[in-house]
Protein chains: 2
Amino acid sequence: MSVQGSHGHSHSKSPQSLRLTKGAKKVLEVLERTDELSSAQDIHSALRSEEDSPPGLTTVYRSLESLVQLGLVQAVDFGDGERRYEMVKPGEHHHHLVCEVCRTSVHLDQCLVQQLEESIQAKYKFEVRGHILEIFGLCEQCQQAMTPAGKK
Amino acid sequence: MSVQGSHGHSHSKSPQSLRLTKGAKKVLEVLERTDELSSAQDIHSALRSEEDSPPGLTTVYRSLESLVQLGLVQAVDFGDGERRYEMVKPGEHHHHLVCEVCRTSVHLDQCLVQQLEESIQAKYKFEVRGHILEIFGLCEQCQQAMTPAGKK
DNA sequence: TGGCAAATGAAAACCGTTTTCACTACTAAA
DNA sequence: TTTAGTAGTGAAAACGGTTTTCATTTGCCA
């Protein structure tokens with residue numbers, strides 16, 4: 001249920017794209033079988049290497065936007081300038097451990113924030129609609145790979 | 001303690017900027033008296049409207065990078081394409097309620113994640129170094145401003 | 001089957017951020 | 001105090017992910 005603003009001016013999303021277009025289906029397929037977070041470009045190259053006439057990058061972006069709107073996909077932003085996406089399994093909601101070195105990410109098995117929302121709502125009169133929680137650090141391998149000396 | 005990757009390749013930050021330069025001081029002053037999150041451009045225009053020879057945008061960016069490195073400022077990314085910054089009061093760590101309509105943000109008075117870090121560390125063998133938690137929704141005013149009809 | 005709205009792709013525009021490079025301001029040594 | 005040498009700065013260009021534009025194609029349906 002993470003919320004994702006858009007770069008530019010985000011015109012309220014008109015008629016189009018409320019249906020699952022052909023391109024969007026292909027994008028969703030890629031995300032369906034990918035366990036890690038994927039950027040638009042990741043998805044685009046995945047498709048290009050397996051389809052004979054893959055959707056263009058533009059279509060991938062547009063599809064992702066629709067899929068997010070449809071609630072089938074969630075966008076995550078680590079602040080490194082590249083947005084990542086992943087499938088949302090219905091009723092599932094979770095966060096990630098993101099390794100700062102190798103950038104791999106692991107799902108946390110449940111949402112840590114849900115219980116807090118109610119009290120925030122009461123205390124701040126703030127209507128909670130979504131949240132981003134990402135935890136950064138070092139995965140096990142990268143901890144080991146970092147020799148005591150190199151521990152910048 | 002939010003973590004902030006950089007856009008490009010982030011050359012490990014050489015000698016320079018480990019001291020508080022003149023430009024950085026001005027940037028810090030702006031953040032010091034601002035209670036909301038500010039983007040680089042915000043800071044730049046603030047300075048331009050009050051100094052006779054204000055630091056350029058480049059310097060603002062460079063200063064912010066240094067200040068983050070020095071731990072005096074933290075960067076926050078909502079995924080709308082614009083990074084925001086705020087002063088870090090020593091020992092303080094908190095998160096924000098961000099209104100999706102008017103984009104104002106309010107501090108939560110404490111960190112909601114700290115208690116979790118230890119158990120994450122144990123369970124996932126993941127060395128936690130930082131996290132991002134931002135909660136999105138509607139502030140009180142914007143809730144009211146949204147007439148039942150206009151509730152897109 | 002003809003007409004239209006939606007979908008698509010290529011290329012251009014965007015825009016926040018970073019890099020480059022020439023120049024200036026400090027600072028420390030002589 | 002002059003003289004390096006180093007760090008800081010600004011303007012402009014480069015970058016790169018994302019969005020827009022616009023001409024074309026696709027697919028639905030009356």
Side-chain angles (χ1 to χ4, degrees), chain A residues 4-28 37-48 51-70 73 75-85 103, chain B residues 4-28 37-48 51-70 73 75-85 103:
Chain A
Q4 185 57 63
S6 62
H7 218 191
H9 300 229
S10 160
H11 301 173
S12 59
K13 179 97 300 221
S14 3
Q16 84 171 147
S17 79
L18 286 179
R19 218 181 310 30
L20 212 53
T21 75
K22 198 176 339 183
K25 259 177 223 146
K26 292 184 187 171
V27 168
L28 193 59
L37 294 164
S38 314
S39 68
Q41 322 247 16
D42 289 341
I43 296 166
H44 183 233
S45 19
L47 284 169
R48 203 167 30 181
E51 301 250 347
D52 13 301
S53 66
L57 226 204
T58 314
T59 297
V60 170
Y61 275 110
R62 281 192 282 233
S63 300
L64 286 169
E65 194 182 349
S66 308
L67 291 168
V68 169
Q69 297 250 336
L70 288 167
V73 164
V76 179
D77 201 311
F78 300 155
D80 69 341
E82 204 174 358
R83 213 128 71 207
R84 323 280 163 111
Y85 299 84
R103 281 283 149 189
Chain B
Q4 186 57 64
S6 62
H7 219 189
H9 301 230
S10 158
H11 302 173
S12 58
K13 179 97 300 220
S14 2
Q16 84 171 146
S17 78
L18 286 179
R19 219 181 311 24
L20 214 51
T21 75
K22 198 175 340 180
K25 259 177 221 144
K26 292 183 188 173
V27 168
L28 193 58
L37 295 164
S38 313
S39 68
Q41 322 247 14
D42 290 342
I43 296 166
H44 182 234
S45 17
L47 284 169
R48 202 166 32 179
E51 301 250 349
D52 14 301
S53 67
L57 226 203
T58 313
T59 296
V60 171
Y61 275 109
R62 282 192 281 233
S63 300
L64 286 169
E65 194 182 347
S66 309
L67 291 168
V68 169
Q69 298 249 335
L70 288 166
V73 164
V76 178
D77 201 310
F78 300 156
D80 68 341
E82 205 174 358
R83 213 128 71 206
R84 323 280 162 111
Y85 300 84
R103 281 282 148 189

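These figures come from a predicted structure and were not determined experimentally. Chain naming here is simple, since letters A, B, ... match the order of the sequence lines and numbering starts at 1 in each.
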(message) On the nucleotide C/dA7, are OP1 or OP2 found under 4.0 Å from the side-chain N or O atoms that A/T21 carries?
(response) no
(message) Tell me the closest heavy-atom pair linking B/L57 and B/A40, and the distance in Å.
(response) CD2-O, 4.3 Å
(message) Quick check: closest heavy atoms across B/L47 and B/P54, and the distance to 0.1 Å?
(response) O-CB, 3.7 Å
(request) Rounded to the nearest angstrom, tell me the gap between atom CG in B/L47 and atom P in D/dG10. (result) 10 Å
(message) Using every non-hydrogen atom in the two residues, find where A/S38 and A/I43 come nearest and quote the distance to one decimal.
(response) CB-CG1, 3.8 Å
(request) Search all heavy atoms of B/S63 against all heavy atoms of B/G23 and return the closest pair with its distance. (result) OG-C, 3.6 Å
(message) Could you tell me how far apart B/K25 (NZ) and D/dT9 (P) are, to the nearest whole angstrom?
(response) 10 Å
(request) Could you say whether B/Y61 or B/K22 is positioned toward the 5' end of DNA chain C, judged by the nucleotide with the nearest heavy atom to each? (result) B/Y61
(request) List for me each residue that meets side-chain contact (heavy atoms from CB on, under 4.5 Å) alongside A/S39, sequence neighbours excluded, and say none if there are none. (result) A/Q41, A/D42, A/E82, A/R84
(request) For B/T58 and for B/G23, find the nucleotide of DNA chain D with the closest heavy atom, then tell me which residue's nucleotide is more 5'. (result) B/G23
(request) Using only side-chain N and O atoms of A/R83, determine if any of them is under 4.0 Å from OP1 or OP2 of D/dT19. (result) yes
(request) Quickly work out the A/R48 CZ to C/dG9 P distance and round it to whole Å. (result) 12 Å
(request) Measure from NE2 on B/H44 to C1' on D/dT9 and round the result to the nearest Å. (result) 12 Å
(request) May I have the distance from B/I43 (atom CD1) to C/dG16 (atom C1'), rounded to whole angstrom? (result) 14 Å
(message) Looking at D/dT21, I'd like to know if its phosphate oxygens (OP1 or OP2) sit under 4.0 Å from a side-chain N or O belonging to A/R62.
(response) no
(message) Without decimals, in angstroms, what is the distance between A/D80 CG and D/dC15 P?
(response) 19 Å
Between the protein and nucleotides 3-5 of chain C, list every N/O to N/O distance that falls short of 3.5 Å.
none

(request) Mind calculating the distance between CG (A/L64) and C1' (C/dT8) to the nearest angstrom? (result) 15 Å
(message) Without decimals, in angstroms, what is the distance between A/L57 CG and C/dA10 C1'?
(response) 11 Å
(message) For a quick test of reading the model, state the closest non-hydrogen atom pair linking A/R83 to A/D77 and the distance between them.
(response) CD-OD2, 3.8 Å
(request) Taking all non-hydrogen atoms of both residues into account, name the closest pair between B/P55 and B/K26 and its distance. (result) CD-CD, 3.9 Å
